[in-house]
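Report on the following structure.
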Amino acid sequence: MGIRRVLVTLAVALGTALLVGLGASPASAHAYLASSSPGDGVTLAAAPRTVELRFTEHVVLEATEITVVTGDGRRLAPTGLTLAESDEDQEAPATVVATMPALGVGAYHVAWRTLSSDDLHESAGTFAFGIQSEVQASGPSETNPDLFELASRWAVLAGLGAGLGALVVGRLLGRLPAATGRMPRARLHRLAGRILVVAAGAALVVALVDLVRFGTGAFTTGYVVRWGVREVALLGAAFALGRGSWRSAGAALVGAGLLTVSIGHFGLRGGPTWEVTSTVHLLAALLWAGSVGALALLGLRSAHLGLSHPDVRSVLRGFRLPATVSVVVVAVTGTYLASDVVVSVDAVLLTTYGRVLLAKVALAGLVGAVALLTTRRLHARGVRGAGAGRPLVGVEALGLLAVVALAGVLATGQPAVSPRLVTEQAPSVIDDRPVADLQQTVALRPNRPGASVALVDVLDTRRPSPGPVTGVSVTVRDVASEGAGGGTSRATSEAATPVTPSRWSANLVLPAAGAVDLDVVVHRRGVDDVRSTVHWVVGPSGSDPATVVSRAPVSDLLAWVSVALAVAALLAAVVLLRRRRPFAAPSRGRVRGAGEVDGPAPRDPAPESGRSGSEPPSGRQPDVARGSVTRAGAER
Ligand code: HEM
């Protein structure tokens with residue numbers, strides 16, 4: 001590579017990285033409800049003045065709708081809607097605060113709909129709360145993919161796949177004699193260029209539709225710049241392919257892939273690791289799918305393109321190395337990505353996202369099996385000519401098309417990461433405040449009727465302490481029964497045991513869902529006890545969907561599986577390379593004798609090109625007659 005090319009490539013890489021980083025924040029790209037106040041299924045003692053919705057991403061306030069539906073079906077609109085975060089940071093997670101009209105005793109459902117300002121992804125859901133009235137939680141809500149967004153994603157994936165496939169298969173065609181390979185390669189590049197232009201056009205149409213649907217206020221600078229540069233990269237790749245400049249086309253496709261990922265779930269989340277892993281997954285997957293698609297097309301149109309069966313077979317065989325590398329990379333990176341988008345086995349089974357992911361992995365496994373079969377048939381002794389692998393390449397191409405289509409559904413869907421689908425429950429911190437000269441925090445786990453644990457942290461703020469803490473006791477009073485029973489409340493009292501010098505733990509039994517008072521008494525040496533009361537609402541018991549298989553967190557497991565797969569792949573590569581070394585410079589006779597490569601004799605006649613398959617055409621020598629390609633055959 002010349003120095004100019006190196007500099008141009010570096011400039012493109014740096015520019016893309018800067019663009020991707022523009023407006024970067026540690027948030028995910030789609031706005032989901034992280035939590036709400038009141039929480040889903042919570043019963044309050046008094047009507048809330050505001051309802052808060054905390055989203056994982058910045059949202060467009062003008063496109064946010066919140067409706068409160070009463071138990072008897074009346075719809076109430078909030079009297080005001082504000083964004084708690086500064087509008088200056090349009091990529092940071094946002095909290096929408098809805099001011100409520102006067103609400104009476106009863107059950108309420110809050111229906112919300114909003115738009116992420118990062119990628120214009122719409123999301124919606126509901127949650128429920130009660131005022132002095134028990135209510136069933138709505139449970140995790142999932143937003144279906146937006147059809148416009150899905151269409152645009154599919155178009156871009158198709159364009160990238162076509163471009164990458166044309167590059168790889170074009171290179172393989174370049175190994176054929178020039179007169180044979182040039183025309184199919186040019187046609188393939190032209191076709192891929194057209195698909196890329198259509199993809200850029202489809203993305204533009206969807207952006208215009210979004211402009212009409214959501215207005216200009218929905219578009220952040222970061223989004224517009226990333227989207228715009230991706231359009232340029234897609235068109236640049238089409239142009240470079242048309243001119244046969246594969247390096248520029250490759251750089252443009254990598255840039256477009258990176259920018260596509262930046263407008264997706266892993267775009268700006270958690271920094272470069274996710275961004276790079278996701279880009280590598282996308283590029284490797286589309287390289288595999290696009291190349292298999294191009295190979296299937298070559299097989300179908302071979303007569304038209306002047307390719308004999310041995311030519312097609314030689315190209316197919318050359319694809320073994322890129323295919324193997326892509327499959328391994330896709331499996332490793334896909335498993336790693338999954339560790340961030342599904343939280344448990346139940347999350348996979350109970351959500352649309354999880355089921356689509358499962359279908360995608362199963363289908364990818366089947367396609368992998370077909371690919372293995374194709375490879376065996378291609379390399380089996382005595383199986384030559386038309387039947388050697390081609391029909392299966394068509395099946396493989398259709399399977400991969402479906403896998404990529406499912407990947408698009410995933411990218412525009414809602415990851416299965418609801419905290420309700422994983423057992424790991426953070427304790428509810430219900431009170432954190434100074435009490436006398438102490439700083440006191442009270443937490444409950446779980447916040448459900450029945451057995452629960454209260455954790456009380458007591459920090460002495462004065463030095464020296466006027467009276468060290470010697471004990472803590474907690475009393476739960478059932479306020480609901482107090483009200484109903486005319487003054488006598490059911491109360492359970494527990495002495496807490498020390499966990500650390502400043503943390504105390506008490507086993508409690510919480511009454512039925514509803515309002516309770518927790519009386520906390522901190523006993524101190526030499527000074528009076530410090531007393532405080534925390535007003536709290538116990539959540540309902542059956543608010544979460546029943547466990548189907550397991551709610552144990554799987555994220556760490558998946559991450560480790562991906563590492564294990566990567567290590568296994570590296571070891572296998574080392575073993576294969578060591579085994580292959582004796583064949584690095586094989587004698588032609590030995591290799592041919594082993595039936596490892598196509599010999600000239602079995603070449604099929606190629607009447608359409610006006611030559612016999614057994615005769616080398618003019619120009620470059622056929623691959624089978626060249627030492628370098630004979631070695632490539634041995635490689636495969
Ligand atoms: C072990 C198998 C695989 C696993 C576990 C896996 C997992 C994933 C995950 C979790 C994502 C992220 C989706 C999101 O943004 O929410 C993804 C994206 C993607 N996957 Fe896979 N995948 C696998 C195999 C494949 C295969 C075989 C293909 C196609 C040949 C493929 C194509 C893609 C594409 C194109 C994307 C990017 C979608 C986009 O951002 O628009 N994957 N994959």
Side-chain angles (χ1 to χ4, degrees), residues 28-30 32 119 121 142-143 145 149-162 164-165 199 203 230 253 256-269 274-275 277-293 322-343 347-348 351-371 396-417 554-555 557-559 561-562 564-566 569:
S28 66
H30 295 49
Y32 304 119
D119 58 1
H121 182 102
E142 203 176 350
T143 311
E149 195 191 346
L150 186 56
S152 162
R153 199 80 182 181
W154 275 342
V156 171
L157 293 180
L160 291 174
L164 290 165
R230 187 185 63 181
L253 288 171
L258 195 60
L259 289 160
T260 299
V261 163
S262 79
I263 312 172
H265 290 149
F266 296 96
L268 305 173
R269 171 187 291 207
W274 291 107
E275 175 87 25
T277 312
S278 186
T279 306
V280 169
H281 182 77
L282 178 135
L283 292 176
L286 293 179
L287 186 148
W288 182 23
S291 305
V292 170
T324 309
V325 173
S326 310
V327 169
V328 170
V329 169
V330 159
V332 171
T333 51
T335 312
Y336 187 68
L337 294 180
S339 72
D340 198 49
V341 284
V342 286
V343 282
V348 174
T351 61
T352 308
Y353 185 96
R355 289 172 189 156
V356 171
L357 180 61
L358 206 59
K360 179 186 161 202
V361 173
L363 196 55
L366 279 178
V367 174
V370 172
E396 210 180 312
L398 287 177
L400 287 175
L401 195 66
V403 174
V404 173
L406 291 176
V409 176
L410 287 180
T412 48
Q414 177 177 333
V417 291
V554 291
S555 296
L557 179 73
L558 284 171
V561 169
S562 72
L565 281 175

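Each ligand, and each atom within it, is numbered from 1 in the order the structure gives. We use all heavy atoms of the structure for the numbers below, so side chains are in, but hydrogens, waters and symmetry mates are not.
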For [atom], which protein heavy atom lies nearest, and how many Å away is it?
| atom | result |
| --- | --- |
| atom 15 (O) of ligand 1 | H265 ND1, 3.2 Å |
| atom 32 (C) of ligand 1 | A285 CB, 3.3 Å |
| atom 38 (C) of ligand 1 | A407 O, 3.8 Å |
| atom 1 (C) of ligand 1 | A331 CA, 4.0 Å |
| atom 37 (C) of ligand 1 | L282 CD1, 3.7 Å |
| atom 41 (O) of ligand 1 | R153 NE, 2.6 Å |
| atom 24 (C) of ligand 1 | V330 CG1, 3.3 Å |
| atom 9 (C) of ligand 1 | L337 CB, 4.0 Å |

* Checking S278 side chain against E275 main chain: does a donor-acceptor pair fall under 3.5 Å? ->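 Not at all, since once roles are kept as given, no pair shorter than 3.5 Å links the two residues.
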
Against ligand 1, does [X] come closer than 4.0 Å with any heavy atom?
| X | answer |
| --- | --- |
| V403 | yes |
| A338 | yes |
| L357 | yes |

May I ask you to test the [X]-[Y] pair for a side-chain heavy-atom distance under 4.5 Å?
| X | Y | result |
| --- | --- | --- |
| H281 | V330 | yes |
| V367 | W288 | yes |
| L410 | L357 | yes |
| T352 | V356 | yes |
| L157 | L282 | yes |

* To do: List the steps, then state whether side chain to side chain contact (heavy atoms under 4.5 Å, CB included) holds for W274 with L337.
  => CA-CA 8 Å; W274 291 107; L337 294 180; 4.0 Å; yes

* Asked: To which of A364, G368, A411 does the heavy atom nearest atom 27 (C) of ligand 1 belong?
  ->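 Among A364, G368, A411, the closest heavy atom to atom 27 (C) of ligand 1 belongs to A364.
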
* Asked: Which option out of T412, L160, V361 puts a heavy atom nearest to atom 3 (C) of ligand 1?
  ->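 Going through T412, L160, V361 one by one, V361 has the nearest heavy atom to atom 3 (C) of ligand 1.
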
* Asked: Which pair of non-hydrogen atoms, one from S339 and one from S555, has the smallest distance, and what is that distance?
  ->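 Closest pair (atom of S339, atom of S555, distance): O-OG, 2.9 Å.
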
* What pair of heavy atoms forms the shortest contact from A284 to S326, and how long is it? ->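 Distance-wise, the nearest heavy atoms are O-CB, 3.6 Å.
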
* Would you check if atom 21 (Fe) of ligand 1 lies under 2.8 Å from any N, O or S atom of K360? =>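 Checking atom 21 (Fe) of ligand 1 against K360, an N, O or S atom does fall under 2.8 Å.
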
What do you reckon, does [X] have a nitrogen or oxygen under 3.5 Å from a nitrogen or oxygen of ligand 1?
| X | value |
| --- | --- |
| T335 | no |
| W288 | no |
| T260 | no |

* Testing L259, V261, T333 for side chain to side chain contact (heavy atoms under 4.5 Å, CB included) with T279, which one passes? ->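 Only match with T279 under side chain to side chain contact (heavy atoms under 4.5 Å, CB included): V261.
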
* Just heavy atoms, cut-off under 4.0 Å: does L157 contact ligand 1 by side chain, backbone, both, or neither? ->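 It is the side chain that gets close, since no backbone atom is under 4.0 Å.
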
